[in-house]
Amino acid sequence: MAFVGIATLRLLDPRTQHVLDADRWRHATELTRLLLDLGHRVAWWQLGGGWRGELLPAVPIHGVLRGDCQLLTWPRACEDFLERAGGVDAAIYFDLVLAYPQVHESSIAVAHGIDCDDPLFECQLPTAEERDEWKRRIEMAVRNPRKVVATDIGFIHWATATWPGLQHAFEYIPGFAIPSWGVDRADHPLTILFPGTLAPEHGISETIRAMEVLLARHPHVRFWLTGPGTPAVLKYLAAWVGRYPGARLDPRPLTAELLREVDIVLFPVKSGHGPALACLQAMAAGKAVVVGYAGGLTGLVLQEHTGLIVRQTADDLVEAVEELLANHPLRESLGRNAQEAVANGFALEQWRKRWTRLIAQVFGWEGEFPCPG
Amino acid sequence: MSRGHVGILTTYHVHEDGTRIIYGGAERYALEFTRMLLEMGYDVAWWQIGSGWIQEVTHGVPLYSIPLQEAAYQTCPALNQAFFEQARGIDYAVYFSTLLAYPQAFERSIAISHGIYWDYPTWETIVPTERHRREWRQRWWMALNGPQRVVCCDTATIRFITATWPGLVGKLEYIPNFVDLTAFYLPDEDDGERDEVRVLFPRRLTSVRGVNETLAVMDELLEKFPQLEFYVVGRGHSDHQERDMLRWAAARARAYYFWRPAHLMPSVYRNVDIVLVPSKASEGTSLSCLEAMASGRAVIAGGTGGLTDLIIDGYNGLLLRPLTVSALRDSLERLVNDPQLRRSLGRRARMTAEAFGLERWKVRWQRVIERVFHRGG
């Protein structure tokens with residue numbers, strides 16, 4: 001049995017210890033379950049002021065890494081992890097940036113997506129010198145571990161085109177879904193769902209503008225917003241939905257039950273990390289998904305075969321949704337193909353096999369592939 | 001009545017001395033693009049590098065050549081300027097490669113990106129120092145800023161551009177490449193009923209297309225599986241390369257090397273079981289990959305560039321990232337041993353290819369052209 005230490009910036013809010021992102025939490029939980037099933041011991045370390053939490057029974061989260069950030073990197077947290085997790089046999093850097101400037105000798109890092117494609121990135125690092133230095137640090141973080149797992153193929157495209165020669169640094173292991181979420185369809189009015197974070201980078205502004213047009217043209221259509229948001233955004237959207245009889249704001253987790261009641265799911269992500277697991281879950285449920293160019297979702301969707309890939313503008317969203325509203329066979333075939341694609345390409349079991357193979361290859365641990373728990 | 005004059009600038013549609021037609025993927029794209037514009041009612045003319053001769057791209061579509069060869073940092077500012085001067089009468093412009101829009105672009109214009117080509121290690125021999133790379137990036141940024149819209153054949157390019165210059169996101173449009181579904185189709189069920197398993201490598205004989213890994217794998221597997229046949233159908237960049245390939249094939253039982261013009265490729269695909277597209281870099285939404293998919297073949301592809309827009313590993317093909325000899329060998333063995341898997345991947349590949357048919361490609365392009373040329377973007 002080996003002891004695996006996993007470093008992350010945040011699974012839980014460093015101050016309140018609440019779960020910050022449902023997708024990340026699920027990803028972390030499944031990775032931990034896999035390591036436990038393989039017979040290893042696991043502990044997590046993250047930013048925090050000295051508290052201790054739990055991811056799963058007997059899997060601690062140590063909130064002890066220093067949170068001071070320099071040029072969007074966390075060299076002190078990296079140092080803290082190496083010092084405090086000195087006894088681990090292998091390390092996983094669940095956030096690539098923590099693999100800078102040094103890593104455990106037996107380590108894998110995980111890149112969840114592209115961080116520099118948001119226009120506000122230039123506010124955070126306003127000079128060319130700062131951006132160059134940030135890029136140098138990311139290159140070090142990519143080169144340090146034995147392998148970098150990218151969950152977003154776009155990250156590999158960007159990195160290999162930025163630093164040619166890194167072809168072998170990466171392993172692509174996309175997200176996963178539980179195919180059994182593909183359940184019977186309930187009878188209901190046509191319903192459009194926006195399950196992403198209610199934030200500009202997830203395309204909420206364009207979605208609202210598009211839905212104003214669509215709800216006026218199609219008064220029978222329902223529109224639900226279910227993602228988390230800041231109090232100010234939630235207040236604004238609560239007032240907004242009040243103006244449209246078919247609109248509803250209901251921040252609740254994405255579940256099979258919720259998906260059963262909808263027909264079209266929107267993920268018009270504009271930058272940063274996209275809700276890949278939520279998108280795959282919607283596909284597994286046989287829904288027609290509409291995704292933007294960013295956030296790693298184009299690696300999950302085949303254009304006009306398993307979903308629609310659109311520019312993240314209100315006009316393009318209106319056009320795509322109207323096509324889906326008008327074309328029932330298209331909606332059905334996209335959903336059907338998406339279900340089949342998830343079952344054959346993104347099932348949780350395949351994800352576990354891919355990780356198991358990689359762990360054996362990088363850490364040199366043999367072992368049978370365990371069945372999902 | 002004409003809807004307007006469209007001028008298209010490319011580097012080479014015909015060899016610069018005007019004597020030999022180049023017939024690769026870009027040239028096929030150019031031909032279909034021209035036909036589509038004609039169908040839409042536009043007058044079309046092309047410009048490229050050459051010694052001043054005039055030819056035709058297709059009947060009634062002139063191809064003018066401009067006697068300039070400058071190509072510093074992969075850009076051709078003098079060609080760009082000459083086009084700007086010579087094509088003054090046009091209403092709309094298309095830059096067939098994004099860098100051709102540097103340093104100036106027509107007011108109503110579109111540039112096309114055919115994919116990332118700077119992700120291969122030898123790229124650094126072209127722009128060898130950081131100063132060179134900065135200058136290249138600066139020129140490319142200017143080129144991307146000029147036209148009203150940049151059409152990318154894959155999302156890899158879009159992700160790279162937006163991660164490098166986040167403000168350019170509004171310019172970009174994804175239109176994947178196409179396949180002619182009437183020429184490339186799934187053969188009758190009984191066509192695939194044979195004892196041998198035929199593997200096809202339908203690419204150029206270049207390292208970036210994974211020819212070396214492929215030959216290393218086939219060397220082993222031809223020995224191991226007596227039912228295996230291996231076909232290499234693609235040109236080299238030189239007679240020397242093609243001679244070497246002929247020798248390699250001649251020295252092995254059940255290995256064959258030849259090439260076919262594009263219009264004869266459908267029957268080649270229909271007569272094989274597995275198609276290898278093991279690109280390591282410099283790849284868009286590959287026409288070869290789409291043609292293999294449309295023919296209902298099981299494809300093994302490299303996880304690079306636009307191939308990831310076509311294939312989902314385990315669903316409609318196998319995607320290798322990173323592309324190594326061992327990964328390629330394992331995948332090929334898996335397919336050789338599992339006819340059921342070959343059939344299911346091939347069936348889903350065909351279904352996928354239907355979303356990438358030529359007619360849909362035209363609809364996607366027509367939408368963009370209407371927006372840019374007639375609605376100001």
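The structure presented is a predicted model; accordingly, all values stated were derived computationally and were not measured.
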Q: Check step by step if side chain to side chain contact (heavy atoms under 4.5 Å, CB included) holds for B:Ile112 and B:Trp365.
A: CA-CA 11 Å; B:Ile112 304 175; B:Trp365 256 113; 3.8 Å; yes
Q | Residue part contacting chain A, namely of B:Arg360, when any heavy atom lies under 4.5 Å | A | side chain
**Q.** Proximal component of B:Leu323, with respect to chain A [non-hydrogen, under 4.5 Å]
**A.** backbone
Q: Please name the pair of heavy atoms, one in B:Pro166 and one in A:Pro119, separated by the smallest distance, quoted to 0.1 Å.
A: CB-N, 3.6 Å
Contacts table for residues 161-168 of chain A: side-chain donor-acceptor under 3.5 angstrom, sequence neighbours left out:
unit_1	atom_1	unit_2	atom_2	d
A:Thr162	OG1	A:Trp158	O	2.6
A:Thr162	OG1	A:Trp158	NE1	3.3
A:Trp163	NE1	A:Glu139	OE1	3.2
A:Gln167	OE1	B:Arg321	NH2	3.2
A:Gln167	NE2	B:Asp119	O	2.6

Q. Does a side-chain N-to-carboxylate-O contact under 4.0 Å join B:Arg149 and B:Glu173?
A. yes
**Q.** B:Arg367 portion near chain A, given a 4.5 angstrom heavy-atom threshold
**A.** side chain
Q) So among B:Val299, B:Asp330, B:Ile274, which one has a side-chain contact (heavy atoms from CB on, under 4.5 Å) with B:Leu335? A) B:Ile274
Q.
Please check this pair: side chain of A:Arg146 against backbone of A:Val362, looking for a donor-acceptor N/O pair closer than 3.5 Å.
A. yes
Q) Relative to chain B, which of A:Thr160, A:Thr298, A:Leu302 shows the most heavy atom pairs under 4.5 Å? A) A:Leu302
Q.
Which atoms of B:Phe356 are under 4.5 Å from chain A, going by heavy atoms: the side chain, the backbone, both sets, or neither?
A. side chain
Q: Would you confirm whether B:Lys171, through its side chain, and B:Asn145, through its main-chain N or O, come within 3.5 Å as a donor-acceptor pair?
A: yes
Q: Check for a donor-acceptor pair, side chain of B:Asp338 on one end and backbone N or O of B:Gln340 on the other, with a separation under 3.5 Å.
A: yes
Q: Please look at A:Arg357 and chain B and tell me whether the side chain, the backbone, both or neither of the residue comes under 4.5 angstrom of a heavy atom of that chain.
A: neither
Q.
Testing B:Tyr73, B:Trp118, B:Trp141 one by one against B:Trp136 for a ring-ring contact (aromatic ring centres under 6.0 Å, His included), which residue passes?
A. B:Trp118
**Q.** Proximity breakdown for B:Thr162 and chain A, heavy-atom pairs closer than 4.5 Å
**A.** both
Q. In terms of heavy-atom pairs under 4.5 Å with chain A, which of B:Pro176, B:Gly170, B:Ala281 leads?
A. B:Gly170
Q.
For the CZ atom on B:Arg334, are there more than 12 heavy atoms of other groups (residues, nucleotides or ligands in this structure) within a distance under 6.0 Å?
A. no
**Q.** For A:Thr313, side-chain hydrogen bond (donor to acceptor under 3.5 Å, both in side chains) partners two or more places apart
**A.** A:Asp316
Q) Any sub-3.5 Å donor-acceptor pair from A:Lys270's side-chain atoms to A:Gln312's backbone N or O? A) no
Q | Check: A:Leu324 main-chain N/O paired with A:Arg331 side-chain donor or acceptor under 3.5 Å | A | yes
**Q.** Proximity of residues 107-117 of chain A to chain B, residues having a non-hydrogen atom under 4.5 angstrom
**A.** A:Ile114, A:Cys116, A:Asp117
Q) So which part of A:Leu300 gets closer than 4.5 Å to some heavy atom of chain B, the side chain, the backbone, both or neither? A) backbone
Q. If you count heavy-atom pairs under 4.5 Å with chain B, which of A:Val310, A:Ile156, A:Val301, A:Val342 comes out on top?
A. A:Ile156
**Q.** Shortest non-hydrogen contact from B:Gly284 toward B:Cys153
**A.** CA-SG, 3.9 Å
(Q) Can a donor-acceptor pair be found, under 3.5 Å and without considering hydrogens, that links the side chain of A:Gln281 to the backbone of A:Ile178? (A) yes
Q. Under a 4.5 Å heavy-atom cutoff, which of B:Asn316, B:Ile116, B:Asp313 has the most pairs with chain A?
A. B:Asp313
Q) Between B:Arg133, B:Glu354, B:Lys280, B:Met351, which has the largest tally of heavy atom pairs under 4.5 Å with chain A? A) B:Met351
Q) Between A:Glu122 and chain B, which part of the residue has a heavy atom less than 4.5 Å away: side chain, backbone, both or neither? A) side chain
Q: With a 4.5 Å heavy-atom cut-off (strictly below), which parts of residues 285-295 of chain B touch chain A? List them by number.
A: none
Q: Between chain B and each of A:Gly295, A:Ala159, A:Pro174, count heavy-atom pairs under 4.5 Å; write down the option with the most.
A: A:Gly295
(Q) Let's test your reading of the structure: which of B:Phe160, B:Tyr315, B:Tyr174 forms the most heavy-atom pairs below 4.5 Å with chain A? (A) B:Tyr315
**Q.** Sole residue of B:Leu172, B:Ile175, B:Val372, B:Ile369 in side-chain contact (heavy atoms from CB on, under 4.5 Å) with B:Val151
**A.** B:Ile175
Q: Name the member of B:Gly303, B:Gly305, B:Ser344 that forms the most heavy-atom pairs with chain A at distances under 4.5 Å.
A: B:Gly305
Q. Is the ring centre of A:Tyr100 less than 6.0 Å from the ring centre of A:Trp134?
A. no
Q: Give me the ring orientation class for B:Trp361 and B:Phe178: parallel if the planes are under 30° apart, tilted from 30 to 60°, perpendicular past 60°.
A: tilted
Q.
Between B:Leu310 and chain A, with a heavy-atom cut-off of 4.5 Å, which part of the residue counts as in contact: side chain, backbone, both or neither?
A. backbone
